[in-house]
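Working notes for the structure below.
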2 protein chains.
Amino acid sequence: MQDGTFSPPGHLEETDVAAISTRGDVFAADCPTRRLLDRIGDKWSVLILLLLGGGDLRFSELKRRIRGVSQKMLSQTLRALERDGLVHRRVEPTVPVTVIYSVTPLGGELLGALRLMIDWAETRMPEVAAAQGRYDQRINLSHSAPHAPN
Amino acid sequence: MQDGTFSPPGHLEETDVAAISTRGDVFAADCPTRRLLDRIGDKWSVLILLLLGGGDLRFSELKRRIRGVSQKMLSQTLRALERDGLVHRRVEPTVPVTVIYSVTPLGGELLGALRLMIDWAETRMPEVAAAQGRYDQRINLSHSAPHAPN
DNA sequence: CAGCATCCATGACGATACTG
DNA sequence: CAGTATCGTCATGGATGCTG
């Protein structure tokens with residue numbers, strides 16, 4: 001999702017990485033995992049999917065609800081999601097036009113998987129924050145007392 | 001995860017977005033979801049977690065298996081994962097040193113959630129690719145025949 | 001209302017060189 | 001072996017202005 005245009009394939013170096021998980025080849029040849037992350041790993045995709053998961057919304061509604069998103073990024077991200085078949089765009093021929101965005105069945109599937117990750121984030125981020133605190137503490141200590149702890 | 005240093009809090013605009021999913025507030029105040037995505041949405045974190053999920057590995061092993069990663073990014077990403085408490089770093093005092101990376105219990109939890117998403121990617125990415133093809137087709141058609149379809 | 005086009009700042013990432 | 005430091009590049013994404 002670069003600025004404006006779409007990248008056809010994108011570069012991807014060979015990651016050998018065979019037989020990682022309990023199943024067969026996890027990303028093997030062209031690594032679908034990386035492809036997916038390139039898509040939904042951006043700043044707004046998951047937020048939009050999540051929001052649309054709660055019901056269809058219009059462009060301006062989305063813009064209002066996801067405060068902080070520029071309409072450039074909203075538009076751009078929606079287009080990418082539409083292109084990927086995760087979000088459907090329906091144009092109501094009113095005047096001025098009304099555009100309704102909804103999650104496709106395919107997008108709904110992904111959303112289901114994402115929600116597990118999101119739930120984990122909700123419950124476990126405090127522990128992550130705590131771990132960060134401990135880490136930074138250790139770093140600071142080892143920096144302020146490099147040789148003699150006096 | 002910027003270049004070298006760590007960002008303390010990072011800017012985040014208020015996303016109102018209350019009561020999206022079936023549960024309570026999904027990202028509300030400081031949006032743990034975005035925090036998580038900022039962490040694992042990068043180019044290598046998930047790959048590393050996945051790889052370590054298959055067993056503990058040394059730095060050079062990781063570097064070998066994830067072909068395409070620079071040792072700067074590998075080191076940087078591992079440090080971020082360690083700081084977040086998702087990966088553990090154990091130093092074997094041999095000579096020269098041996099460093100073993102492993103997934104922590106917390107990281108293992110996340111990995112479980114991630115695998116669902118990864119499995120979805122593995123099985124559904126072909127459909128995403130197909131959707132992309134259809135979309136691009138539509139675009140090209142509407143560009144080459146703007147007014148009169150002859 | 002629902003966008004697209006353009007400009008520009010930041011920062012993610014890769015390449016390279018050096019270290020305990 | 002397992003890193004750190006520095007530099008350059010290019011993409012991500014915000015701000016602004018215009019359109020059907």
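Proteins come first, then strands; the chains are lettered A, B, ... in the order of their sequence lines, and each starts at number 1.
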Sequence neighbours left out, what passes salt bridge (Lys or Arg N to Asp or Glu O under 4.0 Å) with A/E61? Give chain and number order.
-> A/R64, A/R65
Rounded to the Å, how far apart are [X] [atom1] and [N] [atom2]?
X	N	atom1	atom2	value
B/R67	C/dG14	CZ	C1'	17 Å
B/M73	D/dT4	CE	C1'	14 Å
B/R64	D/dC1	CZ	P	11 Å
B/I139	C/dG3	CD1	P	12 Å
B/L57	D/dA2	CG	P	11 Å
A/Y101	C/dC1	OH	C1'	11 Å
B/Q76	D/dT6	CD	P	14 Å
B/F59	D/dC1	CZ	P	11 Å

With heavy-atom distances below 4.5 Å as the criterion, would you say the side chains of [X] and [Y] are in contact?
X	Y	answer
B/L78	B/R89	no
B/T77	B/V69	no
B/I40	A/M117	yes
A/M73	A/K43	no

Quick one: which residue pairs count as a side-chain hydrogen bond (donor to acceptor under 3.5 Å, both in side chains) with a foot in residues 95-106 of chain A, not counting sequence neighbours?
-> A/T94-A/T98
Remember a base hit wins even if backbone is also touched, and classify A/T94 as base, sugar-phosphate or nothing at under 4.0 Å, heavy atoms.
-> nothing
Check: B/S45 side chain, B/D42 main-chain N or O, donor-acceptor pair, under 3.5 Å | no
For [N] and [X] - does any side-chain N or O of the residue sit under 4.0 Å from the phosphate oxygens OP1/OP2?
X	N	answer
A/R58	C/dC1	no
B/T98	D/dA2	no
A/K43	D/dG14	yes
A/R89	C/dA2	no

If you check every side-chain atom of B/S60, which of D/dC1, C/dA2, D/dG3 has the closest atom?
-> D/dC1
Between the protein and nucleotides 18-20 of chain C, are there any N/O to N/O pairs under 3.5 Å, and if so, what are the atom names and distances?
none

Checking only heavy atoms, does the side chain of A/K72 share a donor-acceptor pair with the base of D/dG13 at less than 3.5 Å?
-> yes
